[in-house]
Amino acid sequence: MITVRAPATSANLGSGFDVFGAALSRPADVVTVEKADRTTIEVTGVGAQYIPEDPEKNTVGAVVEALDAPAHIHIDKGVRPASGLGSSAASAAGAAVALNRLYDRGLSRTELVPIAAEGEVVVSGVAHADNVAPSILGGFTITSTHGTRAVSADVPLVACLPDVAVSTRDARRVVPDTAPMEALVETVGNAATLTVGMCRSDPDLVGAGMDDPVVTPERARLITGYDDVREAAFAAGATGVTVSGAGPAVIAACRDGDRRRVAAAMLDGFADAGIDARAYQTRIGEGTTVLRG
Ligand SMILES: Nc1ncnc2c1ncn2[C@@H]1O[C@H](COP(=O)(O)OP(=O)(O)OP(=O)(O)O)[C@@H](O)[C@H]1O
Ligand SMILES: N[C@@H](CCO)C(=O)O
């Protein structure tokens with residue numbers, strides 16, 4: 001039996017749609033696997049009632065198939081589903097690391113990224129790897145046609161999760177098909193700034209690089225209170241604010257010492273819009289860790 005902790009993640013970070021991702025030090029899923037003749041899945045924890053236990057419909061089922069590794073899998077959810085915090089990816093990432101070890105498949109962490117991304121096809125129809133990559137590898141990740149690169153970074157973050165659900169499948173429907181050249185130039189500049197910021201663990205550069213003129217404005221419309229929450233976070237000292245993944249979570253980069261104030265301001269912003277929310281004072285963290293086995 002093997003038990004792993006697979007972290008929540010924030011994908012896109014504004015300027016890196018379907019490319020950037022970051023592992024969060026909290027929250028996380030805990031995944032336990034045990035060899036079995038046929039795969040069974042049991043889900044407990046936050047939002048478990050909304051998560052199918054049928055292997056055809058759960059992200060970990062696709063990972064079992066890809067690794068040919070039947071198991072009894074217990075997922076203890078710490079990452080709420082439909083959150084924008086990589087909930088579906090955390091389970092898939094944890095299952096990939098745990099089953100690779102349980103069955104001695106010998107794959108490297110980087111080789112496990114496309115395998116775990118198969119789980120995302122189950123929920124959103126697209127094998128986007130920008131959540132599973134940081135959940136497996138940790139740190140800040142860049143996933144592109146050149147594969148996945150990870151760098152360790154230490155940046156304080158606040159992830160504020162309103163008490164509403166947005167599915168990635170729905171949020172992908174509002175992504176524009178095309179973008180004007182000026183928006184492309186702005187996005188490349190921001191993405192490059194953010195990447196340098198991550199390499200230097202500089203929250204000011206990371207925050208400055210989070211702006212995105214193409215996808216985020218469309219996604220923000222799906223999140224009641226977004227503009228006020230963003231403004232409140234900046235007023236409290238955030239260096240950058242954007243939609244986390246497909247939303248509805250909103251992620252803010254901050255300097256050390258500012259997280260508590262930023263978290264309170266974001267909660268107030270949602271409260272003013274009549275929406276309950278929870279704020280995680282977090283930071284960029286490590287990837288999936290083996291707890292037992
Ligand atoms: N192991 C799993 N954990 C969480 N959700 C799962 C799992 N397996 C299937 N699902 C389904 O996936 C959907 C949630 O995934 P979705 O990608 O929409 O949200 P998310 O992973 O929190 O967000 P994001 O990818 O934007 O960070 C829900 O419909 C849920 O039932
Ligand atoms: N890149 C994906 C991440 C979903 O978490 C999207 O924005 O649709």
Side-chain angles (χ1 to χ4, degrees), residues 4 6-24 27-33 39 41-64 73-96 98 116-135 141-144 148 159 161-162 164-176 191 212 214-220 222-223 242-251 280:
V4 301
T9 50
S10 183
N12 304 333
L13 301 171
S15 56
F17 178 69
D18 274 359
V19 173
F20 291 164
L24 306 183
D29 281 4
V30 173
V31 180
T32 301
V33 298
T39 296
I41 298 170
E42 183 191 355
V43 187
T44 55
V46 192
Q49 66 274 30
Y50 303 113
I51 301 177
E53 293 185 333
D54 176 351
E56 299 273 317
K57 296 186 178 145
N58 194 298
T59 55
V60 304
V63 178
V64 165
I73 303 178
H74 175 229
I75 306 168
D76 190 16
K77 295 296 299 179
V79 191
R80 199 203 79 186
S83 60
L85 296 175
S87 177
S88 51
S91 300
E118 287 303 314
E120 298 288 51
V121 179
V122 175
V123 293
S124 72
V126 181
H128 65 85
D130 49 343
N131 288 111
V132 292
S135 191
T141 57
I142 300 172
T143 304
S144 71
T148 299
L161 177 59
V164 292
V166 171
S167 86
T168 300
R169 197 179 280 274
D170 291 343
R172 288 188 83 85
R173 291 200 184 105
V174 305
V175 174
D212 153 48
V214 180
V215 179
T216 308
E218 301 305 320
R219 293 266 179 88
L222 305 177
I223 306 169
T242 191
V243 175
S244 180
V250 180
I251 187 104
Y280 295 95

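Read the numbers this way: they start at 1 and go in the same order the structure lists the ligands and their atoms. Note that the structure is predicted; figures quoted are calculated from it, not measured.
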Where is the nearest protein heavy atom to [atom]: which residue, which atom, and how far?
atom	result
atom 20 (P) of ligand 1	Ser87 N, 3.6 Å
atom 11 (C) of ligand 1	Val123 CG1, 3.4 Å
atom 25 (O) of ligand 1	Thr168 OG1, 3.2 Å
atom 8 (N) of ligand 1	Thr59 N, 3.2 Å
atom 3 (N) of ligand 1	Lys77 NZ, 2.9 Å
atom 14 (C) of ligand 1	Ala82 N, 3.6 Å
atom 27 (O) of ligand 1	Gly86 N, 2.6 Å
atom 22 (O) of ligand 1	Ser83 N, 2.8 Å

Is the closest heavy-atom distance from Pro52 to ligand 1 below 4.0 Å?
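The answer is yes: ligand 1 sits under 4.0 Å from a heavy atom of Pro52.
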4.0 Å heavy-atom contact, Val60 with ligand 1
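Per 4.0 Å heavy-atom rule, Val60 does not contact ligand 1.
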Could Arg80 and Asp29 be called an ion pair, given the rule that one side-chain N must be under 4.0 Å from one carboxylate O?
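Judged by the 4.0 Å cut-off on N to carboxylate O distance, Arg80 and Asp29 do not form a salt bridge.
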How close do Gly78 and Pro27 get, heavy atom to heavy atom, and via which atoms?
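Scanning both residues, the minimum pair turns out to be O-CB, 3.5 Å.
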Ser167-ligand 1 polar pair, N/O distance under 3.5 Å
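In fact, backbone or side chain, Ser167 has no N or O that close.
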Check for me whether Glu120 has a heavy atom closer than 4.0 Å to any atom of ligand 2.
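Under 4.0 Å: no for Glu120.
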Answer yes or no for Ala246: is there a heavy-atom contact with ligand 2 below 4.0 Å?
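Ala246: in contact with ligand 2 (<4.0 Å).
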Would you verify that at least one protein heavy atom lies under 4.0 Å from atom 18 (O) of ligand 1, or report that none does?
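When distances to the protein are checked, atom 18 (O) of ligand 1 has a heavy atom within 4.0 Å.
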Member of Val122, Val43, Thr39 meeting the side-chain contact (heavy atoms from CB on, under 4.5 Å) criterion with Asn58
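Among Val122, Val43, Thr39, the one meeting side-chain contact (heavy atoms from CB on, under 4.5 Å) with Asn58 is Val43.
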Which of the ligand 2 atoms, numbered from 1, are nearer than 4.0 Å to a heavy atom of [X]:
X	result
Thr168	4 (C), 8 (O)
Asn12	1 (N), 6 (C), 7 (O)
Asn131	3 (C), 4 (C), 5 (O)
Arg172	1 (N), 2 (C), 6 (C), 8 (O)
Asp18	1 (N), 2 (C), 6 (C)

Expected output: side-chain Ser135 to main-chain Asn131 donor-acceptor under 3.5 Å:
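No: the side chain of Ser135 does not pair with the backbone of Asn131.
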Which segment of Ser88 sits under 4.0 Å of ligand 1 when only heavy atoms are counted:
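The answer is both.
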Within reach of ligand 2, part of Val126 (heavy-atom separation under 4.0 Å):
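Neither part.
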